[in-house]
Protein chains: 2
Amino acid sequence: MSEFYPIAAAAHLTGISLDTLRAWERRYQAVVPKRAGRGRLYSEEQIQRLVLLRRALAQGHSIGQVATLADRQLRHMLEKSSSFAGEKPAARARASEDILIPVWRALERFDTEATHREINRLAVAIALPTDFVYQVALPLMRRVGKLWHEGKCSVAQEHILTRHLASVLTSFIRAYSRTNTAARVLIASPSNERHEFPILTAAMLTAAAGLGVIYVGADLPAPDIVLAARKTNADVILLGLSTPPDPNTLGELHYVERKAPRRTALWLGGAPELNLKKATGNSRWRLLQDFSALERQLRALVARS
Amino acid sequence: MSEFYPIAAAAHLTGISLDTLRAWERRYQAVVPKRAGRGRLYSEEQIQRLVLLRRALAQGHSIGQVATLADRQLRHMLEKSSSFAGEKPAARARASEDILIPVWRALERFDTEATHREINRLAVAIALPTDFVYQVALPLMRRVGKLWHEGKCSVAQEHILTRHLASVLTSFIRAYSRTNTAARVLIASPSNERHEFPILTAAMLTAAAGLGVIYVGADLPAPDIVLAARKTNADVILLGLSTPPDPNTLGELHYVERKAPRRTALWLGGAPELNLKKATGNSRWRLLQDFSALERQLRALVARS
DNA sequence: TTTTATTTGTCAATGCTTTGTCCATGATAT
DNA sequence: ATATCATGGACAAAGCATTGACAAATAAAA
């Protein structure tokens, strides 16, 4: 998983121009990538650091002031200014099921406070948004779903978990989403689709890919989706379905398909069993089987723009 | 660990304009940041002081009066006159309307980023959770509800606003909720009651009163509510209703009443038109007409324990 | 009540520094 | 050969400080 990115990729991922990246390195040694013969190679951590620097700038700091700060200080500074209670960074977490045990313990006791603390601790320790999705968020949700089916877990616990995962995901989204990006993706789910977690996850992956995210939430009537897409000039509308779609939902999808601007791409996730072509003929909707499929689409979109 | 903020960051954090920051320093030496070559650097304490000053202004004081006061005096002054009475009506009115305009602007543009930023800024500036509820959260929700009824506001905008208000409210709750408190209040709403905002507000008021909060969320089946109350040993179960309750909901209330531990108090908010005594005989449920009624109950509970 | 004085947020002009971007040139790999 | 990247120089835009001024709001005086 330890990838290295050439400077163009780093620029795209962070939203910082090539020239600026080089200028920061030359003038302040803010981020010094390793060199492999013909060019710079940025590590995953360095990309993260660049994102942190970018956020610091967005909050009014000057690059000269923050360029030489350690990552720890940067994080500390950014947490302070967002009115959230800062959490102490925990020890490096291992990528295994073990790391989820404390969360689970807290949840069993209905201890909302501890649940939040443990999830936050994992988020800080893991730091990489996509890793957080695949190693923490999805496994937790899968497990709670399974236990609920077996009657070993109450809806209350599922609520508590979802709430705090959502809180972490949204803060990730805010941290990574860019405003002046090439492409903007509007993310929502249609009426009667109340599960928020899947589309929140999709929103986070989108933000992590370096795209702009307009997250409007679950349970939204089709006309409102189209209106929001128009107002924000979105390039993609991504809708999430979790339950098998009923006729009503199909109607909503049809509405969006007819009324959305022609240039807007339409993506649909979370309903692998839905054969949409059969239902609506040659549809504009592109189906995404799972989150990896979404990631592939996102990468293609980034490359295209 | 001592962070310093350049003037742009200070302005961003406090919501005070650059010019005003400089004017206050020049005219009253209200806050004199240290200088590093070509620029002011505000310390953490100075940022806090600026927030205090801003709150003092919001309550109708003039900057000349408060600029030279010590931090201690400022805090004392704000505590005494916070949210209860004694302010000038004019300043009060301005504080409760004008400050919401930026949020509204952002929402009109579907700009989730700016919406969050503006709400966060208000939260930092107001700092007192109860003030935030009465001056920001409730007015915003009332207004969005009104506009939605008039068809001038989409569900998407309501979602965006709710989400970000919820984020601020939960962070307040975390900041204020005590773990080793005398009394614990479990807060939820029964099945088919999906509006989260009212109970979130109630949770924040509870936390602000210094009580322990177990917030499990909306749309929860009655057995789960009782189970959670048992597990957490809650002293109070507070349920919120917003829509007129249907027979199903009455059944849920009845279930909770029967199965909840005898020593647990049962409070019900948000349904003033519901005559519960008529519906269920001599009920254990105590009805709370509005948020002030809730605050009274909370104070009584604190005093008793 | 009207008039005068003071307070206070905002703006403009000027000069200095920081910082993002551009350019010309050269190197390397597909 | 075309594309990507490095390097160092150059420059224009933006940020910040300082001084001075103005207009609206507020308080004080007539």
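Computed from heavy atoms alone, side chains included, the values below leave out hydrogens, waters and symmetry copies.
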Asker: Got a salt bridge between B:E25 and B:R35, using NZ or NE/NH1/NH2 to carboxylate O under 4.0 Å?
Answerer: yes
Asker: Taking only residues two or more places apart in sequence or in another chain, which ones pass side chain to side chain donor-acceptor pair (under 3.5 Å) with A:S17?
Answerer: A:T20
Asker: With axes from five pairs an end, tell me the bend angle of the helix from C:dT1-D:dA30 to C:dT30-D:dA1, nearest 10°.
Answerer: 40°
Asker: What are the two closest heavy atoms between B:V66 and B:H61, and how far apart are they?
Answerer: CG1-CB, 3.9 Å
Asker: With heavy atoms under 4.0 Å as the rule, sort A:L41 into base, sugar-phosphate or nothing.
Answerer: nothing
Asker: Reading DNA chain C in the 5' to 3' direction, which nucleotide is the first one with an atom under 4.0 Å from a heavy atom of chain A, and which is the last?
Answerer: C:dT19 to C:dA29
Asker: A:T206 side chain to A:A202 main-chain N or O, any donor-acceptor pair under 3.5 Å?
Answerer: yes
Asker: Quick one: are the ring centres of A:F4 and A:Y42 less than 6.0 Å apart?
Answerer: no
Asker: Among residues at least two apart in sequence or on other chains, which ones pass side chain to side chain donor-acceptor pair (under 3.5 Å) with A:N233?
Answerer: A:R263
Asker: Taking NZ, NE, NH1 and NH2 as the nitrogens, is one of them in A:K231 or B:E108 under 4.0 Å from a carboxylate oxygen of the other?
Answerer: no
Asker: Any pair with a residue in residues 158-167 of chain B that passes salt bridge (Lys or Arg N to Asp or Glu O under 4.0 Å), sequence neighbours left out, goes on the list, sorted by first then second residue, please.
Answerer: A:E196-B:R163
Asker: Tell me the closest heavy-atom pair linking A:Y215 and A:A203, and the distance in Å.
Answerer: CD1-CB, 3.7 Å
Asker: Salt-bridge test for B:E118 and B:R105: reply yes if a basic N is under 4.0 Å from a carboxylate O, no otherwise.
Answerer: no
Asker: Just by protein heavy atoms under 4.0 Å, how would nucleotides 8-21 of chain D read 5' to 3' in B, S and -?
Answerer: BB------SSBBB-
